[in-house]
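Chain naming here is simple, since letters A, B, ... match the order of the sequence lines and numbering starts at 1 in each.
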Number of protein chains: 2
Amino acid sequence: MPAQTRERILDTSLAAFGLRGYDSTSLDEMASDLGITKQAILYHFSSKEHLLNATIELAVKELASALGGASKSQARGFQRIEDLVRATFSLAARRPEVLGLVRLVSRQGGAASGELASAMSGMLGEAVRFVEAEMIAGRFRRLEPRMLLLAVYSAVIGVATEPEVMRALGLEPDLRSLVKARRETIEFLRAALIAD
Amino acid sequence: MPAQTRERILDTSLAAFGLRGYDSTSLDEMASDLGITKQAILYHFSSKEHLLNATIELAVKELASALGGASKSQARGFQRIEDLVRATFSLAARRPEVLGLVRLVSRQGGAASGELASAMSGMLGEAVRFVEAEMIAGRFRRLEPRMLLLAVYSAVIGVATEPEVMRALGLEPDLRSLVKARRETIEFLRAALIAD
DNA sequence: CAGATAACTTACCAAATGGTAAGTCTATGT
DNA sequence: ACATAGACTTACCATTTGGTAAGTTATCTG
């Protein structure tokens, strides 16, 4: 059953690209980690850029599957935000490389980012409509929905993926701190969002 | 007056490292941008890593000078937070590479991050004490100060430096949008922080 | 059993990369 | 006038990098 090789490569590349960056990761290095040769990678993915594309595709799937449940929940009001934040933190703890890759690609842009951009565009569009509805219903404070989401997104991704800043604050980025961070982030957002 | 070369190199490396990343930037490329040879760079900085160190040092200085005024202001309560956010956005608009480098280093860590970590540690420690005092005075909502700061930091840095996410939200990352983003971020933080 | 195909490996390669060694040019102090 | 030092450039170099070409081995098929 050597057909797994392709997926093992994608797993490794997701971890490598997501945690260390694209240019900082060489194909030789990845191959040696996998116990295969670089040419085996190039057999499955014809170039490093194609590998990146496939890796992004995988990350998008994992992101959608991790956040999809919370995103499609029937919960209303703040509960739905809370579900989403929980799901994001869970993903950050389980597979930090997924969010790392999202951040990497969303910063660097490049040709490969189109797919991720459109996937995120869809999720964010849905979120904008939800937030707008909640504001109209008077459950959320009136703010510019897109800017609000950008701030929420940044806060959650940042808290979930900035271990060095956590260290600068005197917090160890272990599981316990992550749980605390999650709770505080939710309280922070609750305070910011809930209308008086 | 060819002594300026050293500073020109640092300027270029700050932009390159901060916007594109360390590994993605080659010395040859930078040299060609500057109209000099790579060896001229290695004359002033004995290795690429030394250049990174010096670049971080410069970024720390610029960061301190940009945020120092707001940080040491006499303003109390939310006004001081607002000053800080304004200063951060101003820096993000004027010299995005500085925040880019801060983010790069704070993520990758590495040996060079020590200085930046300690500089940020100082600024953040001050901020923690300020926030704690405001909470005790009853002007800020009671939340865990360090986690709160992490969320605030993430929200501001994220909004100020995530152009691709802004595009996914249908916002162009131009100056006008940045001004809007700043205003909304401040309103968002005001809602989150001010005690009822 | 012949042969085709999938899944690799071994052998290369050209370009780029960080870095060294030695030379050049200019200003300055003696 | 001359040595010295600073600020470079020209010439190299070893290694790493992404990528190509040509086998090799095993499995499946007619």
Consider the side chain of B/Gln39, meaning its heavy atoms from C-beta on, and name the nucleotide among D/dA21, C/dG18, D/dT10 that approaches it most closely. D/dT10

Give the rounded distance in Å between these two atoms: CD of A/Gln4 and C1' of C/dC8. 15 Å

So, A/Glu132 and A/Arg142, do they make that salt bridge, N to O below 4.0 Å? no

Tell me: CD1 of A/Ile36 to P of C/dT10, nearest whole Å? 12 Å

Using a distance-only test with no angle check, is there a side-chain donor-acceptor pair under 3.5 angstrom linking B/Asn53 and B/Glu49? no

5' precedence on DNA chain C between B/Ser46 and A/Ala40 (nearest-nucleotide basis): A/Ala40

Does B/Thr5 put a side-chain nitrogen or oxygen below 4.0 Å from OP1 or OP2 of D/dC8? yes

Donor-acceptor side-chain pairing of A/Ser154 and B/Ser154 below 3.5 angstrom: no

Rounded to the nearest Å, what distance is computed from the CG atom of residue B/Leu34 to the C1' atom of nucleotide D/dT9? 15 Å

Nucleotide C/dA6, atom P - distance to CD1 of A/Ile41 in whole Å: 20 Å

When you get a sec, tell me which of C/dC8, D/dA21, D/dC8 is the closest nucleotide to the side chain of A/His44? C/dC8

Checking the side chain of A/Arg182 only, and the main-chain atoms of A/Phe89 only, is there a donor and an acceptor separated by less than 3.5 Å? no

Once hydrogens and angles are ignored, does a donor-acceptor distance under 3.5 Å link the base of D/dG18 to the side chain of A/Lys38? yes

Is there a side-chain contact between B/Ser47 and the phosphate of C/dG18, meaning an N or O under 4.0 Å from OP1 or OP2? no

Output the single nucleotide from D/dG6, C/dC8, D/dT9 whose closest atom is nearest the side chain of B/Tyr43. D/dG6

Which nucleotide in the list C/dA6, D/dG19, D/dT17 gets nearest to the side chain of A/Ser26? D/dT17

Side chain of B/Leu27, heavy atoms from C-beta onward: which of D/dG19, D/dC8, C/dG19 has the nearest atom to it? C/dG19

Distance check needed: C/dA6 C1' versus A/Arg6 CZ, whole Å only. 14 Å

Nearest-Å distance for atom pair NZ/P, residues A/Lys48 and C/dA16: 15 Å

How close or far is atom P of D/dG18 from atom CG of B/Asp23, stated in whole angstroms? 11 Å

Indicate yes or no: does A/Glu82 engage A/Arg190 in a salt bridge with an N to O separation below 4.0 Å. yes

Tell me the interatomic distance from B/Glu29, atom CD, to C/dA15, atom C1', rounded to whole angstroms. 14 Å

With a 4.0 Å cut-off on heavy atoms, is B/Leu42 in touch with a base, just the backbone sugar-phosphate, or nothing at all? base

